[in-house]
Amino acid sequence: MSALTLYQIVALMLLCAGLFGLTQRRSLVGMLISVELMLNGAGLSLVAAAQLTEFSATLGQLGTLFVMGLAAAEATLVLAIIVVVAKRFGSAQTSDITTLKE
Amino acid sequence: MELMAKVAFCVYTLVILGGSIFAVSSSSLVRALVGLITTLVGVSGMYLLLATPFMAFMQLLIYVGAVSVLIFFAIMLTRAEAGGDEGNSAPMRTYVLGLAATMAPAGILGWLVLTKPVESIAVPVEISIKELGAGLLGTYFLPFELISVILMVAMAGAVLLTWEKRGKK
């Protein structure tokens with residue numbers, strides 16, 4: 001088994017953990033944690049593919065840097081949305097936020 | 001030295017696996033966050049093994065330093081319950097469907113990875129930060145500028161969303 005395959009399997013593991021958490025969690029913060037896991041798996045897969053093949057290593061590393069920047073922006077916005085939802089509904093559980101309009 | 005690399009790879013894999021399982025299964029959100037931080041540190045170790053120390057540093061700085069603090073703020077601001085937010089367990093149907101939704105993409109991707117292996121270089125080459133900087137300000141200048149715009153918009157949007165007029169309450 002080549003080294004790249006091993007790294008891809010680890011990244012796949014992170015994707016699976018994130019997907020499973022996203023379906024199981026009942027609070028918005030727990031879902032945010034799962035999404036961060038998946039984004040990390042994507043970054044690891046990108047860097048491994050760029051470093052271990054003939055592909056341009058600069059492009060792989062910069063792409064992962066952009067993924068990190070997007071993850072930071074996404075976490076900021078999700079935090080703001082969670083705070084607004086918690087203020088309006090009194091909780092951040094997904095089961096409580098099922099009404100569209102009161 | 002090759003044996004050392006293999007041992008380090010196994011250790012980091014165990015750290016990532018344990019941390020991610022803890023992050024998705026823990027009933028307390030603060031403990032799930034600790035699991036997430038463990039996973040992030042493990043991934044940064046993987047970056048070190050791939051001869052990309054700059055990415056490992058950025059992983060620690062951005063994820064462990066900034067994003068996890070943000071998530072901790074989210075936990076505190078939503079008044080997380082002491083007994084754990086995920087107290088009563090999910091119904092069996094949700095569990096089975098979630099497992100199926102996880103296994104479908106995992107099966108396809110795992111099958112592709114295992115049956116169509118790509119030849120990989122044994123020792124990855126480290127490229128200097130200078131080259132990365134030249135790439136950011138040369139070939140990839142547009143995405144570099146766009147990401148700063150996105151970060152600005154996200155920051156302004158977050159402030160706007162949580163804005164409260166003085167004297168409204």
Side-chain angles (χ1 to χ4, degrees), chain A residues 1-10 12-21 23-30 32-34 36-37 40 43-44 47-48 51-53 57-59 61-62 64-66 68-84 86 91-93, chain B residues 9 13 16-17 20-21 23-24 29 32-33 36 39-40 43 46-47 50-52 55 58 62-63 66-67 70-71 73-75 77-78 85-86 90 94 98-99 101-102 105-106 109-110 113-114 117-121 124-125 127 131-132 135-136 140 143 147 150-151 154-155 157-158 161-162:
Chain A
M1 206 181 276
S2 66
L4 179 57
T5 313
L6 289 174
Y7 282 106
Q8 302 286 29
I9 288 173
V10 174
L12 190 59
M13 225 159 64
L14 278 173
L15 173 75
C16 288
L19 264 180
F20 186 67
T23 57
Q24 297 300 306
R25 284 290 186 197
R26 257 116 3 92
S27 59
L28 293 175
V29 182
L32 175 62
I33 289 176
S34 306
E36 294 297 333
L37 277 181
N40 252 276
L44 179 62
V47 170
Q51 287 292 114
L52 294 175
T53 57
T58 317
L59 180 54
Q61 292 195 30
L62 289 183
T64 311
L65 265 186
F66 291 141
M68 284 181 188
L70 281 178
E74 169 253 340
T76 318
L77 271 183
V78 170
L79 167 66
I81 291 171
I82 288 175
V83 168
V84 170
S91 88
Q93 306 283 95
Chain B
F9 183 85
T13 308
I16 289 176
L17 190 63
S20 55
I21 288 175
V24 296
L29 281 179
L33 181 62
L36 176 71
T39 313
L40 296 178
V43 172
M46 285 287 187
Y47 285 147
L50 283 165
T52 51
M55 296 306 299
M58 281 295 128
I62 297 177
Y63 273 115
V67 172
L70 265 181
I71 296 176
F73 265 93
I75 295 173
L77 286 175
T78 53
D85 294 270
E86 316 273 338
T94 318
L99 208 60
T102 311
L109 288 176
V113 163
L114 288 177
V118 181
E119 281 305 306
S120 65
I121 305 170
V125 192
I127 60 169
E131 280 176 65
L132 284 178
L136 271 183
Y140 308 111
I147 199 107
I150 286 174
L151 282 171
M155 205 167 66
L161 270 177
T162 50

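The chains referred to below are lettered A, B, ... by the order of the sequence lines, with proteins before strands, and numbering in each begins at 1. Because only heavy atoms are used, hydrogens play no part in the values below, and waters and symmetry mates are left out as well, while side chains stay in.
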Trace of the side chain to side chain contact (heavy atoms under 4.5 Å, CB included) decision for Phe66(A) with Leu136(B): CA-CA 11 Å; Phe66(A) 291 141; Leu136(B) 271 183; 3.9 Å; yes

Backbone of Val113(B) reached by a side-chain donor or acceptor of Gln8(A) within 3.5 Å: no

Closest non-hydrogen atom pair, Thr53(A) against Glu119(B): CG2-O, 4.1 Å

Taking atom OG1 of Thr39(B) and atom CG of Leu44(A), what is their separation to the nearest 0.5 Å? 12.0 Å

Side chain to side chain contact (heavy atoms under 4.5 Å, CB included) between Leu77(B) and Ile82(A), intermediate numbers included: CA-CA 9 Å; Leu77(B) 286 175; Ile82(A) 288 175; over 6 Å; no

In this structure, CG of Leu37(A) is separated from CG of Leu40(B) (nearest 0.5 Å) by 7.5 Å

Chain A heavy atoms under 4.5 Å from Ile21(B): which part of the residue, side chain, backbone, both or neither? neither

Short question: side chain of Gln51(A), backbone of Val125(B) - any donor-acceptor pair under 3.5 Å? yes

Before giving the answer on side chain to side chain contact (heavy atoms under 4.5 Å, CB included), spell out for Leu109(B) and Leu15(A) the whole-Å C-alpha distance, their side-chain angles and the decisive distance to 0.1 Å. CA-CA 10 Å; Leu109(B) 288 176; Leu15(A) 173 75; 3.7 Å; yes

Heavy atoms of Ala72(A) and Ile62(B) approach each other most closely as CB-CG2, 4.3 Å

Tightest non-hydrogen contact, residues Tyr47(B) and Gly43(A), listed as OH-C, 3.3 Å

Step by step, work out the side chain to side chain contact (heavy atoms under 4.5 Å, CB included) result for Val83(A) and Thr78(B). CA-CA 7 Å; Val83(A) 168; Thr78(B) 53; 5.7 Å; no

Under 4.5 Å from any heavy atom of chain A, what part of Ala66(B) do you find: side chain, backbone, both or neither? neither

Answer whether the closest heavy-atom distance between the side chains of Ile16(B) and Val10(A) falls below 4.5 Å. yes

Met68(A), part contacting chain B, at a heavy-atom distance under 4.5 Å: both

Bottom line for Val118(B): the part with an atom under 4.5 Å from chain A's heavy atoms is both

Spacing of Ile33(A) atom CD1 and Leu29(B) atom CG [to the nearest 0.5 Å]: 5.5 Å

Tell me if the centroids of the rings in Tyr7(A) and Phe9(B) come within less than 6.0 Å of each other. yes

To the closest 0.5 Å, what do you measure between CG (Leu70(B)) and CG (Leu77(A))? 10.5 Å

Mind checking side chain to side chain donor-acceptor pair (under 3.5 Å) for Glu36(A) and listing every partner two or more places apart, or none if nothing turns up? none

At what distance, to the nearest 0.5 angstrom, does CG of Leu70(A) lie from CD1 of Ile147(B)? 4.0 Å

Enter the distance from Met46(B):CE to Leu6(A):CG here, rounded to the nearest 0.5 Å. 9.0 Å

